Amino acid sequence: MMSLNELKEMIEKELGALAFKVDSEAPNLIIINVEAPNLFEVAFKLNHMGFDHVKVVTGTDYPIEKKIELVYHVSSYTNIDLAKVIIALKIRLDKSNPKVKSLVKIWPSAEYLERETYDLVGIIFEDHPKLERLLLPSDWDQIPPLWKDFKIKTEGIDA
Amino acid sequence: MIPKPSTIKRHLEAIITGLKYIFVKNRLTLRYPEMVQLLSENYRGMIKYYMDRCISCTLCARICPADAIKMYTVGENKLPGINYMRCIFCGFCVDICPKEALEFTNIHDLAYYTREEQIQKPIEFSKGPPKPIFKKEPMKIVVKLDKSRGLKYERT
Amino acid sequence: MVFSITRSLKSFGKFLRRILIRIIEKRPIRDIRDWGISYSLWPAHFTTACCGAEFAAASAPRFDAERFGFLPFTSARQCNVVFIEGTLSRKMAKAARMVFEQMPEPKFVIAMGACPIDGGIFWNSYNIVLAHNILPVDVYIPGCPPRPEAVARSIMMLQDKIKKMGGAKYDELK
Amino acid sequence: MSEDKFMQVLIGPQHPGSGHMRFIVKMDGDIISEFEPDIGYVHRAVEKIAESKRYIQIVPLVERPILADTANINLGYILALERLLGIDAPPRAQYLRTLLAEINRIHSHLYGLGIHGIMIGSSTIFMWCFADREIWIELAQELTGARITYSYMIPGGVRRDLPNGFNEKLSKAIAYMEERLKDYEKIFINNPVVTARLIDVGIIKKDDAIKLGIVGPNLRASGVAYDVRKIEPYCAYPEIDFDIIVRKEGDAYSRVLVRFEEIKQSMKIVKQVVEKIPSGPIINESYLKLIPPKLREKAEQTGIWKMPAIFINLKPRKGEAISRVEAGRGEVTHYIVSDGSPNPYRFRVVTPSFRNLIAFKYTMPGHRLADIPAIYGSLDYFPPSADR
């Protein structure tokens, strides 16, 4: 039985200089901040440690900083100790050129999650087996809907 | 190919179980227009509005997740009206009302021919939801649970 | 020779058809026809969104919509009702239109749930289409999702509508 | 020349065996060689709309996509929100949440079994499942006031207390269901027609299941004992005794069996919940005191609680929270990024069906066209929940 802090230290040791910040947050979250070029290697090492599947891939738009934050939430099925924590692997990408190497080769479970993120947030995953529209109609020609500059209507409380 | 004895046994078991239910009295159809289920007091059906209790606090319009409740100006007051085209019957407006000016009714079985009649302005809203029309007075029933039959209907 | 016979037969057929339609449109036969249609409403097996769960409950044993002659059917070619069961997304709206066009006349549309009527909780979504913008809706059922009783009521209301003004729907046939 | 060998078949969206999605299938004779699910037919942009809504308004919003299993997805959202708000529900509320979640799991599994039944041609089981599902819906309606969309859990508690005579009804329902499940076994589970269609069809091996990251009963049928209720117990689950159902085969039949056995486990949980449920308030103290005293008195008598006005303006701390719960179809993950305003900055929900989607692509090839409904039904896929 490993505590959250022990696991955090273990990950820090394993990743070394690849990750620039490792945080832990009770009760079950470890946040690893990574530079985009190191992402693939970090993912490889995490997979090797036993984190075998991706739960969530999220892209969040930060229009003021002109960045898009990409988060992979990763955990394990096989190792009970690791299954109790979720790892958030965070990368910040430039909004003008949101490109990153796809992690499908390491975690095949990310395939549709990445494809959806491409569809709705507009992040381009290089080496992805099938990077096409998934949820939106194939003739969608506006900006990705989850960007903050994509406005939807709202109504007040008055008729 | 000759089937195994166990396969034949399982076939027979399935058929016998099926036959059993021809004779077991286990009907549970609610013959709707003739029978109407009386729902419990806390059922979240269409909403009744008491204009005299309302203090125009706008809480109901602000919590409505579907923007179905809007505030209309009636004379000097702002009073809520509801749009059943959007209402999702979550009941948040009733639960947040501090003066109990909104109330659940157990009317739930309405359909409309046009879109326009589904918008209720404050005056209509305070008259309560329209009563469903039945050609014949329906039999009111309550649902009881039963160990051997599952659902059982009893006349009230 | 043969050609002129077939042509005259054809025009005779057209003439016969016109007379038949005129007879059918007359009162007693028209009423019988409308009564027949109103008790054989077959919706296409076309689930657009989550209201399908309650639609399934409406055709399941407890609420048993088959009592009204309402039997979900597989092929659009044999159906005369399209039941919009919940939100129409942009992708699905195309399919809904296609299904509707495939059905033979007379055909009817019932919009089930808040989403196809006015968007419901999704009213400000970028990806939804309102049913009345693409299809001629006959009956609207509010609710999210509507109860199976409301589905039964909508069927009854559609039957009433067909009985009352059935003929008006078949202008295309003449 | 080799291109001519293949034929493309499009199935859906108007097709009884496809639901609200389309399959693009490449056939080699009768054998599927490539299978691509085309989804998005029910994409309603839950994540984008959530950014325009208040935190409390998202409670009914998250329920809509996963209509057959609303209580569990609702619970997941509330757990994430409570982590941001730093608030906890009192013990009685935790038990009530567990109760509704399990009742919902039962009728969600019955829904899945029924739909699967009619897909492989057994309309008896469809009729039976949908009839018996009504019992559990009736119970849930008694508790919450709605048939399917409960919106029962709110931050810091639940909306209604246990109604009078609920335990008695529940025990009758369980007694009925236990008898009835024996007949289910005879007519569906052991029926040679069913076993012939399902055994050794659509096998997902353990390694593949882990690699593809599939969830819920589908994962457990492949031999992975992963259940969030045990791994990261929430609500009343730490105090309740139940088993994780695991099978090794990984075929369509074992997925059906896992679901079938889970109905029994859920009934076991429900029984314990009503026995062990503690008395006390059902809303957190800090919200309870904001309800006007007159309304509070009335609520104590009727069990229908009002909401405090502060719910409109819930402002969680700046930061992010992630939660996972085990819904009927598998693990639901909610991820909320808050910037301290009354609307979430980013709301992300990954539903079990979306994560199971990948199983279609990698399981179907090699099977026959007629096996598509058998495998599709066994995965218990609910398209609106995948598209959101």
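Everything quoted here is computed from the prediction, not taken from an experiment. In the text below, chain A, chain B and the rest are named by the order of the sequence lines, each starting its count at 1.
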Nearest-0.5 Å distance, CG of residue C:Asp118 to SG of residue B:Cys87: 12.0 Å
Side chain, backbone, both or neither of C:Pro61 within contact of chain B (heavy atoms, under 4.5 Å): both
Contacting region of C:Arg62 [heavy-atom separation from chain B under 4.5 Å]: both
Proximal to chain C - members of residues 104-121 of chain B, heavy-atom separation under 4.5 Å: B:His108, B:Asp109, B:Leu110, B:Ala111, B:Tyr112, B:Tyr113, B:Thr114, B:Arg115, B:Gln118
Distance (rounded to the nearest 0.5 Å) between B:Asn83 CG and C:Trp123 CH2: 11.0 Å
Nearest non-hydrogen partners of B:Tyr32 and C:Ala152, listed with the distance: CD2-CB, 3.7 Å
From CA spacing to verdict: side-chain contact (heavy atoms from CB on, under 4.5 Å), B:Val36, C:Glu149: CA-CA 9 Å; B:Val36 171; C:Glu149 281 106 325; over 6 Å; no
For chain C, which residues of residues 47-72 of chain B have heavy atoms nearer than 4.5 angstrom: B:Pro65, B:Ala66, B:Asp67
Heavy-atom donor-acceptor pair, C:Arg153 side chain to B:Pro33 backbone, under 3.5 Å: no
Side chain proximity check, C:Phe63 to B:Leu30, heavy atoms < 4.5 angstrom: yes
Proximal component of C:Phe122, with respect to chain B [non-hydrogen, under 4.5 Å]: neither
Heavy-atom proximity to chain B below 4.5 Å, by part of C:Ile155: neither
Within 6.0 angstrom of C:Ile19 CD1, more than 12 heavy atoms from elsewhere: yes
Under 4.5 Å from any heavy atom of chain B - which part of C:Met156: side chain
Student check: side-chain heavy atoms of B:Phe89 and C:Arg147 closer than 4.5 Å: no
